[in-house]
Number of protein chains: 2
Amino acid sequence: MTKKPPQRPATLADIARHAGVSRSLASLAIRGEGAVSPETRKRIMEAAAALDYRPNLVARSLASAEAGYLGIVVGEIENPLQAEIAKLASGLARAEGYSALVSIDADTDEKAEEAIRTLIAHRVSGVLAIGAPFEKPAIARVASWIPMVYVGRLLKVVAVDSVTTDDVTGGILAVDHLVALGHRRIAHVDGGASPGAERRRDGYRRAMERHGLERQIRIIEGAYTIDAGARAARALLAEPDWRPSAVFASNDMTAIGLINEAMRIGLSVPGDLSVVGYDDVTLAGTETLSLSTIHQSAGDLASAGIAAMMARLAEPDAAVSKILVPPRLMTRRSSAPFSATAAA
Amino acid sequence: MTKKPPQRPATLADIARHAGVSRSLASLAIRGEGAVSPETRKRIMEAAAALDYRPNLVARSLASAEAGYLGIVVGEIENPLQAEIAKLASGLARAEGYSALVSIDADTDEKAEEAIRTLIAHRVSGVLAIGAPFEKPAIARVASWIPMVYVGRLLKVVAVDSVTTDDVTGGILAVDHLVALGHRRIAHVDGGASPGAERRRDGYRRAMERHGLERQIRIIEGAYTIDAGARAARALLAEPDWRPSAVFASNDMTAIGLINEAMRIGLSVPGDLSVVGYDDVTLAGTETLSLSTIHQSAGDLASAGIAAMMARLAEPDAAVSKILVPPRLMTRRSSAPFSATAAA
DNA sequence: TTGAAAGCGCTACCAA
DNA sequence: TTGGTAGCGCTTTCAA
């Protein structure tokens, strides 16, 4: 195949001529608008079918003032959560009558800004920014150009609409779960300065305090990687006088690294150590890993993002909104009731 | 921020008026084309800057016959390899003077066809299909509409340009590596009917035969998932009379599941069992997992894909090309020399 | 219910 | 080197 397209794609003028009507009538009929008599409409539709007519969306967009493109910029498309949010958002945008213009190689702030400039040049009505640009000044700058909603960070200090998971609650959920299982020595491997890490840590701390476990608070610095998790495991399980019976990791990859290293050391999970992660990546849900974790809903994030975008577009001067999407605890096999024998 | 854009974006007519020249001259100056006198150009550029002019790309595309959009359709954007290919390809397309229109929610064949229809309506010059549509008839149909290059499958029987990794060589590379380490009982966990699985299996078989190990050929049916790997491990390590000292898995996830299960059973990797995967996902390269594997190069696949697209566009009637990108062995810690003591 | 005509913002061609 | 004039393919008044 890979055949060249028909010499010249049919235009509205072609089908108008073919059907013996004016271009304007043809336009109305094709779009199903206005009042067109049934037989005329039929004739026009037949002509369109005969000539394999496909409206030129570029021309349509130029002609109709607000034809409606929505820009979507993704910082880390290799990150499955961002990828899924972007994917769902582009479907939702379509459902709102926009076509999504998606930029997936905005992996530096320079490229993100350039991508948004290009989107603006395409006259998008607004931009849904998923993890990019990253630095706050760049975010603020870009948001001064065009209506924008940022998904994936809270952006407390930047005056930009944002949508993100309620990570404080997520942290609390994780700790509550472990406490309910009877654990008391619950450590936290955090995510350093990564997005959300601070709030997850806060949730951990608050929940521990609420349970009267402030003396058991142990925070190990980590990152959102499997290697950081393994490193944290070595640090954590080396402490002679205080051995946790459970760990809340700030990220699933961290949790997986932690579990892997624990197994290597000879500890069993959850026999000797219960582990809860964060994100609920695909891997976490496999039968093999079966990681208890805090689920971030890509669907909720995407729909909240699109809803915020629609609200902003409808009311450009409304107050800035900071939306928090609730996370959900997924109980799987990596966390189990505390058994006294397991304590070191 | 999130401020509304300036009442009406400046147009070429605006800056022409502002600079006291004609629109055509302004157009030439802005694009840096034609012969415009330095001072006039300067005046025009200043006007453009003053009015914060951004050319309307939609209008430009409509006006210039072949303004050049390239469509990119991605089937599984959550798959990091596809995501990365798409990302690199959109950069390369830009370098070729096209702007990429990316569709990331083509996760069913219906949606893929619809997405491609929409891209065609945007008058893209061609479509780079990354893993979508999936079924051969759909692929053939879509390719009859527009110049198309398919990335990620060989498509032997469909007459569509395609680019994929040379998986037969990949399989051979894996086996050669294990044989060089002294292994003889080398099993293969395949990927069933998944893309590339058949050729990886062929490579395994051929290499085993070439090494005179046809009696040691063992193929376990698997899939590209971690759970399939774990399942295969149970099947494989249960055989009483034949225990492999090494396994070549058709996919990294399969390999990871396999290793995980082996560790649970109490085997050490690579002490008791060497494992080689396929793909070189990010996880494989971590210090913690350190999985020996066959690397598929997203960069090579993307650039071969774009090159094939350019060739097809330049010469619509050229013969269909089936490009194979060479894979590369990544030696890491999951594979080690065979030690006699390890044999069961 | 239908059609004529005027744009959307740009490029392209041709004459000055 | 410059400007005038036609479109690109569509939507959108406004009349008929």
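Every chain is numbered from 1 and lettered A, B, ... according to where its sequence line falls, protein lines coming before strand lines.
Using modelled atom types, one finds a donor on one side chain and an acceptor on the other under 3.5 Å when comparing A:R31 with A:S27.
Residue contacts for B:R23: at a heavy-atom cut-off of 4.0 Å it reaches a base atom on one of the strands shown. Nucleic acid contact class of A:V21 (heavy atoms, under 4.0 Å, all strands): sugar-phosphate only. Using a 4.0 Å heavy-atom criterion, one finds that B:L25 contacts the sugar-phosphate atoms exclusively.
The pair B:R117-B:E114 counts as a salt bridge, with a side-chain nitrogen and a carboxylate oxygen less than 4.0 angstrom apart. Using a 4.0 Å cut-off between a side-chain N of Lys or Arg and a carboxylate O of Asp or Glu, B:R43 and B:E39 do not qualify as a salt bridge.
Per the geometry, CZ belonging to A:R54 stands 16 Å off P belonging to D:dG9, to the nearest Å. What separates CG of B:D14 from C1' of C:dG9 is a distance of 10 Å, to the nearest Å. Following rounding to the nearest Å, B:E33 (CD) and C:dT11 (P) show an atom-to-atom distance of 9 Å. In this structure, A:L51 places its CG atom 15 Å from C1' of D:dG9, rounding to the nearest Å. What separates OH of A:Y69 from P of C:dC8 is a distance of 18 Å, to the nearest Å. Rounded to a whole Å, the CD atom of B:E39 is 10 Å from the P atom of D:dT1. Rounded to a whole Å, the CG atom of B:L12 is 13 Å from the P atom of C:dC8. Between the CG atom of A:L57 and the P atom of C:dC8 there is a distance of 20 Å, rounded to whole Å.
Put simply, B:T40 has a side-chain N or O that comes within less than 4.0 Å of OP1 or OP2 on D:dT2. Checking the phosphate oxygens (OP1, OP2) of C:dT2, a side-chain nitrogen or oxygen of A:S37 falls inside 4.0 Å. OP1 or OP2 of C:dG3 lies within a sub-4.0 Å distance of a side-chain N or O belonging to A:S22.
The base of C:dA12 lies outside donor-acceptor range of the side chain of B:S27, with no N or O pair under 3.5 Å.
Each of B:G20 and A:A59 lies near DNA chain D, and the nucleotide nearest B:G20 is the one positioned closer to the 5' end. Map A:V36 and B:Y53 each onto its nearest nucleotide of DNA chain C; the residue landing nearer the 5' end is A:V36.
Taking the side chain of B:R31 as heavy atoms from C-beta on, and the options C:dC10, C:dA12, D:dT12, the nearest nucleotide is C:dA12. Which of C:dG9, C:dG3, D:dG4 sits closest to the side chain of B:S24 comes down to D:dG4.
For B:H122 and A:Y69, the ring centers are positioned less than 6.0 Å apart.
The two residues A:A298 and A:L81 have their closest heavy-atom pair at CB-CD1, 4.0 Å.
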